[in-house]
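Reading through the structure tokens given below for one structure.
Keep in mind it's a predicted model, so treat the numbers as computed, not measured. Hydrogens, waters and symmetry mates are skipped; everything else that's a heavy atom, side chains included, is used.
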Amino acid sequence: MKTILIVDDHPDIRHLFSMLLKHEYVVKEAESGAEALQLIRKLHPSLVLMDVMMPGEVDGLQALKTIKQDPALQDTYVIMVTARGQAADLEYATNLGADAYFIKPFSPLSLIVHIRKALED
């Protein structure tokens with residue numbers, strides 16, 4: 001079973017995503033960009049759902065940049081999930097290597113469909 005790491009500073013968001021995905025995937029959670037980077041290096045998840053705006057020294061975009069610049073991690077599929085919906089935000093995340101960008105609020109079904117397609121063997 002493939003592993004998905006959910007990264008968001010709001011426990012209710014992590015719980016919602018976990019409930020949606022736990023029947024098909026192994027789901028792990030992190031509440032900060034720094035914690036996410038530690039878990040990604042340890043677990044090598046197939047996919048990461050990452051919020052952009054998180055407190056602490058490492059936000060979602062900084063974590064994304066680190067993931068995509070690390071040869072051991074750069075193949076990790078990263079979906080950014082954020083309230084930041086400006087074209088410049090999307091372009092910046094895409095330039096850093098984001099594989100997908102979902103703007104809150106969004107359809108949970110569309111996210112699940114995207115995840116399934118991304119993780120097809």
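Ionic pairing of K104 and D51 is present here: one or more N-O contacts between side-chain nitrogen and carboxylate oxygen are shorter than 4.0 angstrom. Taking a cutoff of 4.0 Å between a charged side-chain nitrogen and a carboxylate oxygen, K2 and E24 do not qualify as a salt bridge.
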key: Chi angles and distances behind the side chain to side chain contact (heavy atoms under 4.5 Å, CB included) call for Y101, T82   = CA-CA 8 Å; Y101 195 90; T82 182; 3.2 Å; yes

inquiry  = For a side chain to side chain contact (heavy atoms under 4.5 Å, CB included) check, start with the C-alpha distance between M54 and V7, then their side-chain angles and the critical distance, and finish with the verdict.
reply    = CA-CA 9 Å; M54 291 182 286; V7 187; 3.7 Å; yes

key: side chain to side chain contact (heavy atoms under 4.5 Å, CB included) between D12 and L16, worked out   = CA-CA 6 Å; D12 53 336; L16 171 66; over 6 Å; no

request  = Might you work through the side chain to side chain contact (heavy atoms under 4.5 Å, CB included) test for I79 and L111, ending with a clear yes or no?
outcome  = CA-CA 9 Å; I79 298 175; L111 178 64; 4.2 Å; yes

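In this structure, the separation between CZ on F17 and CG on L5 is 12.5 Å, given to the nearest 0.5 Å.
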Would you tabulate the side-chain donor-acceptor contacts of residues 62-70 under 3.5 Å, counting partners in other chains and residues two or more places apart, or write 'none'?
{"residue": "Q62", "atom": "OE1", "partner": "D59", "partner atom": "N", "Å": "2.8"}
{"residue": "T66", "atom": "OG1", "partner": "Q62", "partner atom": "O", "Å": "3.0"}
{"residue": "K68", "atom": "NZ", "partner": "Q74", "partner atom": "O", "Å": "3.3"}
{"residue": "K68", "atom": "NZ", "partner": "T76", "partner atom": "O", "Å": "2.7"}
{"residue": "K68", "atom": "NZ", "partner": "D99", "partner atom": "OD2", "Å": "3.0"}
{"residue": "D70", "atom": "OD1", "partner": "A72", "partner atom": "N", "Å": "2.9"}

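Of the possible polar contacts, none joining the R84 side chain to the D89 backbone as a donor-acceptor pair under 3.5 Å is found. At least one donor-acceptor pair under 3.5 Å links the side chain of T94 to the backbone N or O of L90. The backbone N or O of A87 sits nowhere less than 3.5 Å from a side-chain atom of E91 that would complete a donor-acceptor pair.
Taking the side chain as every heavy atom from C-beta outward, I6 and V81 never approach each other to under 4.5 Å. Side-chain contact between S32 and V58: absent, with no pair of heavy atoms (C-beta onward) separated by less than 4.5 Å. Side chains of L73 and H44 form a contact here, defined as non-hydrogen atoms less than 4.5 Å apart. Taking the side chain as every heavy atom from C-beta outward, S46 and L119 approach each other to under 4.5 Å.
Between H114 and F102, the two ring planes are perpendicular [angle over 60°; tilted spans 30° to 60°].
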